[in-house]
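Right, one structure below, let's go through it.
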2 protein chains.
Amino acid sequence: MSCPVCRGPVRPSPRGRRPVYCSRACQARAYRSRKNPPVPAPAEPEPTGRRRQIAEAVWRIAAERGLQMATVREIAAEAGVSPRVVQYHFTSKHQLLVTALQILHRQNERQARRRIGALRDASDPRVLLRSTLEELLPLDDERRASLRVMTAYYARSLTDPALAAVFLPEEQPLEDLVAALITAAGARPGIDVRREADLLVSGVTGLGMDLLHRRRPLADVRRTLDYHLDRILADRP
Amino acid sequence: MSCPVCRGPVRPSPRGRRPVYCSRACQARAYRSRKNPPVPAPAEPEPTGRRRQIAEAVWRIAAERGLQMATVREIAAEAGVSPRVVQYHFTSKHQLLVTALQILHRQNERQARRRIGALRDASDPRVLLRSTLEELLPLDDERRASLRVMTAYYARSLTDPALAAVFLPEEQPLEDLVAALITAAGARPGIDVRREADLLVSGVTGLGMDLLHRRRPLADVRRTLDYHLDRILADRP
DNA sequence: ATGTCGTTGATACGTTCGTATCTCAACGGG
DNA sequence: CCCGTTGAGATACGAACGTATCAACGACAT
């Protein structure tokens with residue numbers, strides 16, 4: 001209950017943390033003597049990805065336990081920080097949720113572009129189209145988790161304009177891309193590329209949700225997809 | 001090469017034409033649904049009274065403000081009863097949410113059957129098929145609200161086995177119905193009815209979600225649906 | 001040596017949550 | 001007439017929620 005430097009009395013504060021030192025001078029002196037005998041330096045691996053680190057905690061909680069379990073205290077524990085740190089880096093919980101969705105949204109887009117871009121040179125347009133569509137399916141743990149998070153956010157966005165704004169602004173670049181890929185791969189005569197792209201994209205979305213629920217085996221989805229690609233695309237020589 | 005009825009494997013025959021169905025029973029079932037498309041009895045009426053009154057309050061709150069706003073006190077206020085009454089008629093909040101989902105699920109099915117059944121006599125199979133698919137779209141306030149509620153529940157069911165159990169147990173009667181309706185309306189040669197039904201149902205589900213978000217105009221969805229029905233079904237005389 | 005600034009720790013505040021408890025009115029059969 | 005059962009009101013309780021407050025910290029500048 002006394003100042004560890006000058007042994008003098010410490011005035012208690014009416015609120016918040018109890019003071020340790022009796023004055024700013026004693027605090028500085030304690031700091032200096034603590035630093036002079038230098039410790040090997042614990043070396044922090046984290047530069048300052050605090051906001052991202054916290055956002056990732058939101059994703060994990062939302063994917064595993066649902067968005068309603070993403071409380072400030074849970075998020076902080078999952079991120080390995082104190083609740084105060086969450087509070088500091090995001091002005092409110094709502095803003096945190098919106099930001100976490102924005103980051104995930106951008107990352108998904110970048111990830112998909114990267115994966116598809118890797119195939120662009122080496123393979124034929126049909127493989128490219130198929131990969132683009134499969135990008136929407138929960139084919140590995142990462143995409144499954146991401147799809148679960150996006151699903152939770154989608155439901156909440158129906159009653160939260162700030163979240164809806166993250167989903168909406170773009171005007172259907174995915175459908176455009178799929179339509180372009182169909183054209184590039186060569187459509188059979190009589191095929192309306194736009195309408196086929198519309199049903200393919202929304203259909204793969206729906207099939208992905210069935211996969212999440214395990215309401216349908218993956219092989220079945222693959223077979224359905226193959227059938228429709230065969231149907232739409234002209235035979236290769 | 002699987003049975004279009006039960007999806008099981010088909011044993012090839014040593015003589016003659018390759019079998020399409022895995023058993024005589026499946027062949028007969030396909031014939032029956034081809035001749036007389038399903039849409040069975042209107043089923044039993046829903047329970048009335050306090051429990052239903054409270055369940056409806058849950059739906060309204062979930063549709064308008066989201067499932068996370070459905071607290072016991074809010075539900076009671078929306079239903080016009082005291083919180084104690086909610087507590088009395090449902091042992092816990094979780095059981096209330098599950099029950100509300102079950103009732104809505106059954107009601108949706110009954111409603112769809114009724115609406116489709118009304119068309120059964122007067123119109124041709126193509127109209128029947130189209131109406132069945134449009135039943136999944138938010139075409140009026142009632143269906144829009146219902147779809148919003150079901151979407152919220154779907155998201156939560158990913159992390160709640162009791163809710164998932166309401167969605168899962170049935171083995172794809174909707175896809176079966178659509179497949180039967182396609183067969184009844186007359187498919188073009190080369191069409192795989194099963195695969196078409198799969199993509200149609202999941203596609204309409206995805207398009208319905210786009211409609212909820214207003215990410216896509218209704219006329220666009222209607223045109224996409226028309227295109228695919230034209231593509232699948234043989235021309236009528 | 002002290003000041004500044006971005007960051008974090010510990011705790012407090014006021015509210016709302018789901019649920020439990022206690023109470024009473026109405027009713028029907030013995 | 002008593003008494004057990006059913007339905008519902010009023011209120012309490014402990015936990016968890018989002019957020020607020022302020023001292024302490026560590027790096028750097030002066």
Side-chain angles (χ1 to χ4, degrees), chain A residues 1 3-6 9-39 41-44 46-54 57-58 61 65-100 156 160 162, chain B residues 47-54 57-58 61 65-100 160 162:
Chain A
M1 299 307 160
C3 174
V5 175
C6 67
V10 177
R11 286 173 307 164
S13 164
R15 287 174 37 79
R17 192 174 175 176
R18 196 163 49 221
V20 174
Y21 304 101
C22 66
S23 67
R24 178 62 175 84
C26 282
Q27 177 198 344
R29 188 168 325 190
Y31 165 66
R32 259 173 269 117
S33 67
R34 207 181 311 122
K35 186 184 178 183
N36 274 349
V39 234
E44 282 163 298
E46 282 300 316
T48 359
R50 276 277 184 267
R51 282 171 69 91
R52 177 173 181 93
Q53 172 188 359
I54 294 169
V58 174
I61 292 177
R65 284 174 283 164
L67 213 42
Q68 80 280 3
M69 289 301 290
T71 71
V72 172
R73 287 164 174 85
E74 282 291 327
I75 293 167
E78 178 72 33
V81 301
S82 81
R84 180 64 183 87
V85 175
V86 176
Q87 197 180 7
Y88 177 76
H89 288 278
F90 301 89
T91 52
S92 74
K93 183 193 169 184
H94 186 252
Q95 202 217 40
L96 163 57
L97 290 184
V98 174
T99 305
R156 193 161 290 211
D160 187 330
Chain B
T48 53
R50 280 277 183 272
R51 282 172 67 91
R52 174 169 184 95
Q53 173 187 358
I54 295 169
V58 173
I61 292 176
R65 284 173 283 164
L67 214 42
Q68 78 281 3
M69 288 302 289
T71 71
V72 172
R73 288 166 173 82
E74 283 291 328
I75 294 167
E78 178 73 33
V81 300
S82 79
R84 180 65 183 86
V85 175
V86 176
Q87 195 180 7
Y88 179 78
H89 288 278
F90 300 90
T91 51
S92 74
K93 183 193 170 184
H94 186 253
Q95 204 217 39
L96 163 57
L97 291 185
V98 174
T99 305
D160 187 330

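Source: prediction; values computed, not measured. Per chain, numbering begins at 1; letters A, B, ... match sequence-line order.
- For A:Val98 against A:Ala162, the heavy-atom pair with the smallest separation is CG2-CB, 4.0 Å.
- Taking atom NZ of residue B:Lys93 and atom C1' of nucleotide C:dA20, one finds them 17 Å apart after rounding to whole Å.
- For B:Ile75 and C:dT16, the CD1 to P distance is 17 Å, given to the nearest whole Å.
- Taking side-chain N and O atoms only, B:Ser82 has a distance below 4.0 Å to OP1 or OP2 of D:dG9.
- Evaluation of atom-type donor-acceptor distances gives no pair under 3.5 Å for the side chain of B:Arg50 against the base of D:dG7.
- Side-chain N/O atoms of B:Arg84 and base N/O atoms of C:dT23 include no donor-acceptor pair closer than 3.5 Å.
- Between C:dG6 and A:His89, no contact under 4.0 Å exists linking OP1 or OP2 to a side-chain N or O.
- The CD-C1' distance, from A:Gln95 to D:dT19, rounds to 14 Å in whole Å.
- Remark: C1' of D:dG18 and OH of A:Tyr88 are 19 Å apart, rounded to the nearest angstrom.
- Side-chain contact between B:Leu67 and A:Gln68 is absent, with no heavy-atom pair separated by less than 4.5 Å.
- At least one side-chain heavy atom of A:Val81 sits less than 4.5 Å from a side-chain heavy atom of A:Arg50.
- Nearest to the side chain of A:Gln87, among D:dA10, C:dG6, D:dT19, sits D:dT19.
- Put simply, the side chain of B:Asp160 reaches to within 4.5 Å of the side chain of B:His94, judged on heavy atoms.
- Between A:Gln68 atom CD and C:dC17 atom P the separation is 15 Å, expressed in whole Å.
- The interatomic distance linking A:Phe90 (CZ) with D:dG18 (C1') rounds to 15 Å, in whole Å.
- Checked against C:dG6, D:dG18, D:dA8, the side chain of A:Arg73 finds its nearest nucleotide in D:dG18.
- For the pair B:Ile61 CD1 and C:dC17 P, the computed distance is 10 Å after rounding to whole Å.
- Taking 4.5 Å as the limit, some side-chain heavy atom of A:Glu78 sits within range of a side-chain heavy atom of A:Arg65.
- Per the geometry, CD belonging to A:Glu74 stands 17 Å off C1' belonging to D:dT19, to the nearest Å.
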